[in-house]
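For the single chain, residues carry numbers from 1 onward in sequence order. Every value quoted in this text rests on a predicted model; they were computed, and no experiment measured them. Just follow the structure's listing: the first ligand is 1, and inside any ligand the first atom is 1.
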Amino acid sequence: MKKKFSIRKQLLTILIVFIVVALGLIYFFQTTLLDDFYKNNKIETIKKTANDIVNNLDNDDLNNILDVETFSNEVCVRIVSESIYLVDYENRICALNQLTDYQLLRIYSEVKENNNEKLFDNYRFQGRPGELQDIYIYGIIGTIDDQEALVLVSSNIVPLDVTINTISDQFILIALIVILMTIVLAFVLSFIIVKPIKQIESETKQLPKGKYNEDNIKANNLEIDNLNNTLAKANEEIKKADKAKKELIGNVSHDLRTPLTMIVGYGEMIRDFKEENNEDNINVIIDEAKRLSTLVDDLLDVSKIESGAIELNKEDISLNELLKDVYKQYENYCKNQKVKFKLQLNDDKTINVDSHRIKQVLYNFINNALNYNDKKKKEIILGTEINDSFTRVFVYDNGVGIKKEDLDNIWDRYYKVDKEHKRVHLGSGIGLSLSRDLLIAHDLKYGVESLEGEYSKFYFDI
Ligand code: ADP
C-alpha cells in the first residue's frame with residue numbers, strides 16, 4: 001500500500017516548497033534580471049523622450065518642453081543641425097556635450113544610415129575624475145523650420161552590482177524569516193484542521209456500536225461541521241438498522257414459526273389419523289407452505305434490492321390489462337370472504353414497467369387492505385384516477401386506517417403499527433418497504449392517504 005503522510009507533514013511540505021519556489025523566483029528577478037530590466041527601462045525612456053522632442057521641434061514652447069522632459073526623465077538632450085556647429089539646445093553638465101565634432105558627425109551619419117534612428121549602447125564617458133561611465137544614446141532625425149536636425153537623448157547607466165549585493169544580503173534575512181513564519185503557519189493551520197479530524201477519528205470508533213457522539217467534536221470550520229453532522233446521521237441510521245435487525249430476527253422467526261408449526265401439526269395429524277387425510281387439511285399445509293415461500297421470496301427481493309442486484313425487465317403494457325390481471329387474482333378469494341372488491345378503471349394507457357414487480361406492489365397493497373380491516377362490510381377498490389400529467393393507481397379499503405403519526409413510518413422495514421396483529425392472508429411483514437423499494441426503482445411517486453378508523457388509500461403515480 002502507498003505510504004500515507006499526515007496532514008501536518010503534507011501541509012508543511014507544500015508550504016515550504018511553495019515558499020522556496022516563490023523566494024527563488026523573487027531572487028532570480030531581483031538579481032539576475034534586474035540589470036536587464038533596468039537597461040531596457042532606460043532605453044525605453046530615452047526612445048520615448050527623443051520621439052516626444054522630435055514631434056515638438058517646431059513648437060514655440062520647445063525649450064520648456066525640453067526642460068520638463070530632461071528633468072522628469074533624468075536624461076540629457078542635445079539637438080544639432082546638419083552643420084553640427086549650430087547647437088539648439090544643451091542642458092546641464094551633460095555627457096553629450098563631451099562629444100567631439102568628429103564623434104557627432106559619425107553619430108549623425110550612422111543615424112541617417114539606420115533609417116533616421118539609432119540606439120548607441122556602447123559609449124563610455126569620463127564621468128567624475130578617474131571614473132568611466134557607460135551611457136546609452138538614442139539618435140533620431142527630425143526637422144526644425146524645414147531644416148534637418150539630429151535629436152540626441154542620453155542616459156547614464158549606473159552599475160547595479162552594489163544594489164544587487166545589498167538585495168542579496170537582505171534576501172537571505174528575508175528568506176529565513178519567511179521560512180520560519182511558514183513553519184509556524186503550517187503548524188497553526190494543521191492544528192486548526194487536524195485537531196477536529198483527530199477528534200472525529202477517535203469518535204468514529206464508536207460508530208459501529210451506534211455510539212458516536214457529535215457533541216464531542218469541536219468543529220471549527222464548515223467542512224468538519226458537515227462531516228460531523230453526516231457521521232451523526234450515519235450513527236442514527238446504524239442505530240435504526242440495528243434495532244430493525246433485532247426486530248427482523250424477532251418478526252421473521254415469528255412469521256416462520258407460525259406456518260411451520262401448522263405444517264408440522266397438520267402433517268403429523270394426517271400421518272397419525274388416516275381419517276384426517278382430507279383436502280381441507282392438505283390445503284392448510286399447502287397454504288402455509290405458500291406463506292413461507294412468499295416470505296422467503298420477499299426477503300430475497302429485499303436483499304437483492306439492498307445489494308443493487310435487482311434488475312427490472314421493463315416492457316410496454318396496457319395499464320388496464322395489468323390491473324385486470326391483479327383483480328382476477330383476488331376476485332374469487334374476496335367473493336368467498338364476503339369482501340366487496342371493485343375494479344374501477346379509467347381511460348387506458350401504455351406504461352413501461354416490469355409488470356411482475358408492479359403486480360407485486362399491488363398484491364402487497366391488497367393483502368394489507370384485507371389484513372387491516374375489522375369492518376363487517378369489508379370493501380376494497382382497485383382503480384385509477386386521471387390527472388393532468390399522470391394517472392394515479394390506487395388500492396382503497398374501508399379498514400382500520402392509519403394514525404397520522406404512523407403515516408411516515410409504515411414504509412420502513414418491519415414497522416408494525418400494532419405489533420400483535422394477526423394476519424388473515426398471505427403476507428411477509430416487509431410488504432410496504434419492498435413495495436416502496438420497487439416503486440423507487442421504477443422512479444414512481446408513491447404515497448398513502450388515510451383516516452384512522454375510516455379508510456386507507458395506497459397509491460403510486462404513473
Ligand atoms: P405487515 O402488514 O406485514 O405488518 P407491511 O409493510 O405490509 O407489513 O405494513 C406495515 C404496517 O403498515 C402494517 O403493520 C400496518 O400497521 C400498516 N398498514 C399497511 N397497510 C395498511 C392498511 N391498508 N390499513 C391500515 N394499516 C395498514
Side-chain angles (χ1 to χ4, degrees), residues 240-241 243-259 287-288 290-303 305-306 326 329-330 333-334 337 339-342 344 357-383 392-441 446-460:
K240 248 186 169 176
K243 198 168 150 242
K245 196 174 77 190
K246 283 183 190 136
E247 282 187 16
L248 159 72
I249 295 170
N251 286 327
V252 170
S253 40
H254 174 262
D255 285 357
L256 284 174
R257 196 164 346 98
T258 322
D287 283 350
E288 291 305 317
K290 273 188 188 162
R291 183 196 289 247
L292 278 180
S293 161
T294 313
L295 173 62
V296 173
D297 283 349
D298 281 2
L299 282 171
L300 283 176
D301 281 345
V302 165
S303 81
I305 288 175
E306 278 183 352
V326 174
Q329 286 289 321
Y330 286 85
Y333 177 84
C334 289
Q337 300 291 317
V339 176
K340 197 168 151 198
F341 186 34
K342 267 207 300 199
Q344 213 171 69
R357 298 299 185 185
I358 292 296
K359 281 179 185 172
Q360 207 177 345
V361 170
L362 289 168
Y363 292 156
N364 282 327
F365 286 173
I366 297 172
N367 284 342
N368 284 342
L370 288 162
N371 283 335
Y372 303 100
N373 200 328
D374 52 2
K375 302 274 163 58
K376 268 206 184 117
K377 285 188 179 163
K378 294 182 187 172
E379 197 185 320
I380 297 174
I381 304 171
L382 168 66
R392 176 160 289 186
V393 179
F394 67 88
V395 173
Y396 164 94
D397 68 77
N398 64 341
V400 296
I402 301 159
K403 283 198 199 113
K404 233 186 179 164
E405 64 260 32
D406 289 324
L407 275 177
D408 285 340
N409 300 326
I410 52 168
W411 302 93
D412 290 346
R413 209 149 287 160
Y414 310 115
Y415 186 86
K416 279 187 165 61
V417 173
D418 166 19
K419 309 267 174 195
E420 297 302 319
H421 84 274
K422 285 197 190 67
R423 245 175 236 121
V424 296
H425 195 68
L426 300 183
S428 65
I430 46 179
L432 282 187
S433 95
L434 180 59
S435 303
R436 176 197 57 186
D437 291 346
L438 290 172
L439 291 171
I440 290 174
Y446 62 91
V448 56
E449 293 164 13
S450 184
L451 201 62
E452 203 191 347
E454 296 286 330
Y455 78 98
S456 302
K457 184 175 172 185
F458 284 81
Y459 62 82
F460 59 85

Practice item. Please determine if R357 and D301 form a salt bridge, counting it only when a charged side-chain N lies under 4.0 Å from a carboxylate O. Key: yes
Review point. Backbone, side chain, both or neither: what part of W411 comes under 4.0 angstrom of ligand 1, heavy atoms only?
Key: neither
Revision key, fill the gap. In D408, V395, I402, L432, the residue satisfying side-chain contact (heavy atoms from CB on, under 4.5 Å) with V448 is I402
Review point. Is L432 in polar range of ligand 1, meaning some N or O pair under 3.5 Å apart?
Key: yes
Point to revise | S450 side-chain N/O to Y455 backbone N/O, donor-acceptor pair under 3.5 Å | key: yes
Exercise for review: Only heavy atoms count here, so choose which of Y372, Y396, Y455 is nearest to atom 14 (O) of ligand 1.
Suggested key: Y372
Practice item. Please confirm whether the backbone N or O of G453 pairs with a side-chain atom of K375, one donor and one acceptor, at under 3.5 Å? Key: yes
Review point. Is the closest heavy-atom distance from G401 to ligand 1 below 4.0 Å?
Key: yes
Point to revise | Partner of Y446 by ring-ring contact (aromatic ring centres under 6.0 Å, His included), out of F458, Y459, W411 | key: W411
Review point. Which heavy atom of P259 sits nearest a heavy atom of R291, and at what distance?
Key: CG-CD, 3.9 Å
Practice item. May I have all residue pairs that pass salt bridge (charged side-chain N to carboxylate O under 4.0 Å, His left out) and include part of residues 358-370, sequence neighbours excluded? Key: D325-K359
Point to revise | Sub-3.5 Å N/O-N/O distance, S433 and ligand 1 | key: no
Review point. What residue among V339, N367, L382, I380 forms side-chain contact (heavy atoms from CB on, under 4.5 Å) with Y330?
Key: N367
Practice item. Return yes when D397 approaches ligand 1 closer than 4.0 angstrom through a heavy atom, no otherwise. Key: yes
Check your understanding: For ligand 1, which atoms, with element, lie under 4.0 Å from some heavy atom of V400?
Key -> 25 (C)
**Study point:** Which of the ligand 1 atoms, numbered from 1, are nearer than 4.0 Å to a heavy atom of F458
**Key:** 19 (C), 20 (N), 21 (C), 22 (C), 23 (N)
Practice item. Report the part of N373 (side chain from C-beta onward, or backbone N, CA, C, O) that has a heavy atom under 4.0 Å from ligand 1; answer both or neither where that applies. Key: neither
Practice item. Pull out every atom of ligand 1 sitting under 4.0 Å from any heavy atom of I410, numbered as shown with elements. Key: 10 (C), 12 (O), 17 (C)
**Study point:** Best match, I402, V395, I366: closest heavy atom to atom 26 (N) of ligand 1
**Key:** I402
